[in-house]
Amino acid sequence: MMQQAETITASSSKGARARNYARHYGWFIVPAAVVVLAVIIFPWIFTIYVSAHDWHLGGARSWVGFDNYIKLFSDSRFGWAMLRTLFYTVLSVIFPMILGLAAALAFNHKFPLRGLARTIFILPMMATPVAVALVWTMTFHPQLGVLNWLLAQVGLPPSMWIYSANTVIPTLVMIEVWHWTPLVMLLILGGLASLPIDPYEAAKIDGANGWQAFRHITLPLLMPFIVVALIIRCIDALKAFDTIYVITQGGPGSASETINIFLYLQAFAFYNVGYASAVVVVFFAIILALATLLLWTRQRVKMT
Amino acid sequence: MIVEAKRSPAQYRLRRLIGNIGFGFSVLVLISPAILFFLWMLSLSFKNELDNTDWPPVFIPQSPTLDNYREVFARNDFLRFAWNSIVVSFGATGIALLIGVPAGYGIAKMHAMRAAALILIARITPGLSYLIPLFLLFQWLGMTGTLTPIVITHLVITVPIVVWVMISFFEGLPPELEEAALVDGASIWQAFRYVAMPLARPGITVATILSFIFSWNNFIFAMVLAGRETRTLPVAVNNMLTFEQIAWGPLSAAALLVTAPVLILTLVAQKQIVAGLTAGGVKGA
């Protein structure tokens with residue numbers, strides 16, 4: 001103990017002190033590193049190993065190399081799942097981004113009961129997804145659901161919602177928008193709070209109107225935060241599982257079978273874990289590529 | 001600008017009033033999907049089956065009843081599932097705090113951004129992708145049918161949240177205080193335990209709340225790993241749907257009971273939750 005204290009007082013520069021201690025701080029990370037290794041790194045490596053096998057739960061397994069991957073790329077069911085995931089993800093990114101930006105701008109104003117309004121706005125994001133999904137399912141009932149009653153009130157024809165192949169994905173996207181717009185709002189609101197006020201004063205003197213100030217000051221300054229929100233939204237939309245599984249389980253038919261549902265069915269309904277592991281690896285590669293691309297975009301946005 | 005300057009004060013006030021009303025209306029539009037949804041959930045849970053399947057829908061219960069809630073407790077092992085959920089969420093959060101708070105401190109002190117990036121990758125991968133290998137492992141170890149595998153898999157969610165939130169809090173602390181403690185002869189563990197940790201208590205609160213909520217809400221790990229006796233609440237409530245197609249009252253009552261702790265926590269601790277979510281954009285697997 002004393003020796004340590006002496007070394008500190010002896011080392012004059014801050015840098016040297018930090019270097020002396022860096023080693024010791026490593027011990028703080030060890031327990032977490034062990035857990036991360038066991039529950040996060042090990043599964044990744046083991047997944048790659050399993051994906052090279054023809055492996056059925058409770059059955060025989062044999063080494064097949066890349067066969068699962070080759071099979072995957074000629075599997076039309078997987079191809080359709082990819083397309084549906086793409087469709088679902090694009091819609092589930094665009095709408096929450098636009099609405100979240102609008103909501104953030106609104107909540108950036110001071111108004112009475114703002115705290116309460118904001119809390120209510122973020123409730124959908126915090127609520128238990130399964131519980132929420134069950135109540136949504138009840139509102140979609142074609143004859144007795146409250147949503148068709150609402151449509152009738154504004155003079156629109158009733159919809160089949162989740163019970164028709166044409167409307168099931170837009171309906172699920174609607175829930176996703178309801179669910180995750182609050183997170184986009186919070187991330188952008190955090191950005192708005194950090195904006196400097198000087199440019200606005202300068203713009204006011206120059207006679208800029210509200211829209212011009214938004215278009216030429218707010219939006220560019222906000223860009224880094226919008227990109228972060230975009231990255232998080234893309235990843236979360238790709239990860240969507242709970243709501244889809246609880247509400248449709250991929251149906252009707254396979255009209256809402258996204259990659260996650262396909263993956264779940266392969267692994268835990270057909271017990272085809274080898275094939276499912278290949279899906280995990282491909283899916284993970286896609287997510288990682290997307291995250292890298294978006295992070296790269298973020299760097300570029302920061303520079304300009 | 002010039003036109004505006006010529007306006008009389010009365011005109012200006014009127015314009016402002018209209019603007020305020022329009023703004024208030026748009027805020028109302030923004031929050032109404034959330035309000036209406038939860039009110040409808042509440043309404044369904046307090047109505048009898050006749051009102052729930054009536055057309056046009058009955059919004060305010062004619063004769064509010066607690067029968068749905070009684071049925072939830074009578075027909076299902078609801079209390080056991082609630083206990084399972086409590087054990088899993090508190091267990092996974094407790095372990096995550098125990099190992100994640102020091103880890104966050106270590107990473108912040110060492111500026112180990114690569115370790116932080118690894119944690120981030122855990123955040124972006126779908127929870128489903130951890131399930132196959134961990135399921136095989138637990139089966140091989142013969143641990144299925146107990147709560148232990150569920151607690152362990154929930155660490156996939158809770159540890160990244162805690163570490164991520166704690167990194168940003170420890171990075172925000174002024175280093176001078178710990179340095180002073182070190183100069184006075186404290187060990188780095190003492191500097192962490194008696195100087196940094198008390199200062200980071202707000203951060204620990206944020207990490208605890210978020211980690212608890214995302215563990216409580218998690219569905220997929222327990223759905224695959226739980227046996228009949230070890231279901232957590234989200235799994236139990238999902239099973240109710242499968243067997244009781246149109247018992248809307250009891251189903252809504254159960255759904256409300258499952259999500260109530262989280263909603264109450266959000267109402268009480270919204271400040272901490274907002275701070276935590278914006279700090280790193282964390283969310284469960």
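So that the names make sense, note that chain A is the first sequence line, chain B the second, and so on, each numbered from 1.
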Side chain, backbone, both or neither of [X] within contact of chain A (heavy atoms, under 4.5 Å):
X	answer
L136(B)	side chain
L30(B)	both
V258(B)	both
F219(B)	both
I107(B)	both
S26(B)	neither
L267(B)	both
L137(B)	side chain
I95(B)	neither

Looking at [X] and [Y], what are the two nearest heavy atoms and their distance?
X	Y	value
L251(B)	V237(B)	CD1-O, 4.1 Å
A229(A)	L187(A)	CA-CD1, 3.8 Å
S89(B)	S215(B)	CA-OG, 3.4 Å

Engaged part of [X] at the chain B interface, taking heavy atoms whose separation is under 4.5 Å:
X	value
W136(A)	both
L189(A)	neither
V50(A)	side chain
V246(A)	both
I120(A)	both
I235(A)	side chain
V132(A)	both

Quiz item: What do the steps show when you test V39(A) against T153(B) for side chain to side chain contact (heavy atoms under 4.5 Å, CB included), and what is the final call?
Solution: CA-CA 7 Å; V39(A) 300; T153(B) 45; over 6 Å; no
query: Between F268(A) and F135(B), what is the ring plane arrangement, given parallel below 30°, perpendicular above 60°, and tilted in between?
result: perpendicular
Option in W178(A), F225(A), F284(A), F107(A) with maximal non-hydrogen atom pairs under 4.5 Å from chain B:
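Option with the greatest count: W178(A).
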Heavy atoms from other residues, nucleotides or ligands near CZ of F241(A) exceed 12 (cutoff 6.0 Å) =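 Buried by this count: over 12 neighbours within 6.0 Å.
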Does CZ belonging to F111(A) count more than 12 external heavy atoms closer than 6.0 Å? yes
Taking the side chain as C-beta and beyond, is there a heavy-atom pair between M223(B) and Y245(A) under 4.5 Å?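 With C-beta onward as the side chain, the pair touches.
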| request: Please examine the side chains of P234(B) and N218(B), heavy atoms only from C-beta on, and report whether any two atoms are closer than 4.5 Å. | output: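 Not in contact.
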**Q.** Distance in Å, T125(B) OG1 paired with F283(A) CZ, rounded so as to fall on 0.5 Å steps
**A.**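 Answer for the OG1-CZ pair, T125(B) versus F283(A), is 10.0 Å.
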* Would the W189(B) and F192(B) ring centres measure less than 6.0 Å apart? -> yes
